[in-house]
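Working notes for the structure below.
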Amino acid sequence: MTDILRNAAPLARGATLSDQVTEALRRSVTSGAFAVGSPFPSESALSQELSVSRSVVREAVARLKAEGLLHSQQGRGAYVASTRPRMGFAIDMSDVANLQKLSQVLELRLGVEIEAAAIAATRRTPEDLAELDAAVERFSAQQRHSPENARDGVEADMRFHRALCEATGNAYYLSLFNYLSASLQESIEAGRLRALERGGDSREAAEEHRAIAEAIRAQDASAARRLMRRHLVLSRDRLLGNLSPGAARPKAAE
């Protein structure tokens, strides 16, 4: 066990690995171990130090950015922004374990990403389109993977939605998406895993991604908004269906 994890505050029963790493990193910042303005260790360094995957570290860092403890500098990584987390809006991790509350969080996601798609259609740059295309292809390839690769599929899914929010040119959309995705990632991964175990795949979701990207390429804000709404509603229904007790019918894995 590393010093960072050893010095973390006690956690509630059932805390996930992501919760543990988030709390450990949060405590390392609020304790003053890293001065305000100083560079924060890289994902690879933290991954090695904590003996966890980079995706777990990335999720924890995204949460700390949403709390105002860290901020990113283009091409230079994360820096300590404050030793006092902002108080205000937050999603308790126990909420996403409750299907009713999870449904409400997913509804909030609709409100964010539907309009983000429309804005992205009007502002996207050639670089944004290249990243969206790469994300579309990456996620499409993941639908052929096995349950052992469920996390890779979720990472590819998040890459597409993150690229879309980035294409808005509005850093607040990206910041809010990062917070929501960090809160939802484990639930989405669990849903994808159950779908794959039942023989489902992500072909439907992959085609939905592709259609949204094409609308953004065509700068058709109305179509982008409509297609994103359809995609998120279907994704919500697929996820909740996969997580519901007794679900048996194979569903698309997103």
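These numbers were taken from a predicted model, which means no experiment stands behind them.
- Checking Arg238 against Ser235 by side-chain atom types alone, a donor-acceptor pair falls below 3.5 Å.
- Looking at Val56 and Glu59, their side chains never come closer than 4.5 Å, going by heavy atoms from C-beta outward.
- When side chains are defined from C-beta on, Leu240 counts as touching Leu106, because their heavy atoms get closer than 4.5 Å.
- When hydrophobic clusters are built by joining Ile, Leu, Val, Met, Phe, Trp and Tyr residues whose side-chain heavy atoms come closer than 4.5 Å, directly or via intermediates, Ile114 is not grouped with Tyr179.
- When each of Glu207, His161, Glu204 is tested with His231 by the rule side-chain contact (heavy atoms from CB on, under 4.5 Å), just one qualifies, namely His161.
- Within a 6.0 Å radius of CZ in Arg159, other residues, nucleotides and ligands contribute more than 12 heavy atoms.
- The pair Arg217-Asp133 counts as a salt bridge, with a side-chain nitrogen and a carboxylate oxygen less than 4.0 angstrom apart.
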### Message
As a quick check of understanding, evaluate side-chain hydrogen bond (donor to acceptor under 3.5 Å, both in side chains) for Asn178 and Ser175, giving each step before the final call.
### Response
CA-CA 5 Å; Asn178 283 336; Ser175 178; 6.0 Å; no
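- Leu164 pairs with exactly one of Ile212, Leu174, Ile119 by the side-chain contact (heavy atoms from CB on, under 4.5 Å) rule, that one being Ile212.
- Contact of the His209 side chain with the Asp157 side chain is registered, since non-hydrogen atoms from C-beta on lie closer than 4.5 Å.
- Between Phe160 and Leu132 the shortest side-chain heavy-atom distance falls below 4.5 Å.
- With a 4.5 Å cut-off on side-chain heavy atoms, Pro41 and Glu49 do not count as touching.
- Separation of atoms CG (Leu108) and CG (Leu176) is listed at 6.5 Å; rounding is to 0.5 Å.
- Just one residue in the list Val61, Thr30, Val36, Val80 forms a side-chain contact (heavy atoms from CB on, under 4.5 Å) with Leu69, and that residue is Thr30.
- A 4.5 Å side-chain heavy-atom check between Arg76 and Pro39 finds every atom pair outside the cut-off.
- Thr22 and Asp19 share no donor-acceptor pair across their side chains, judged by distance under 3.5 Å alone.
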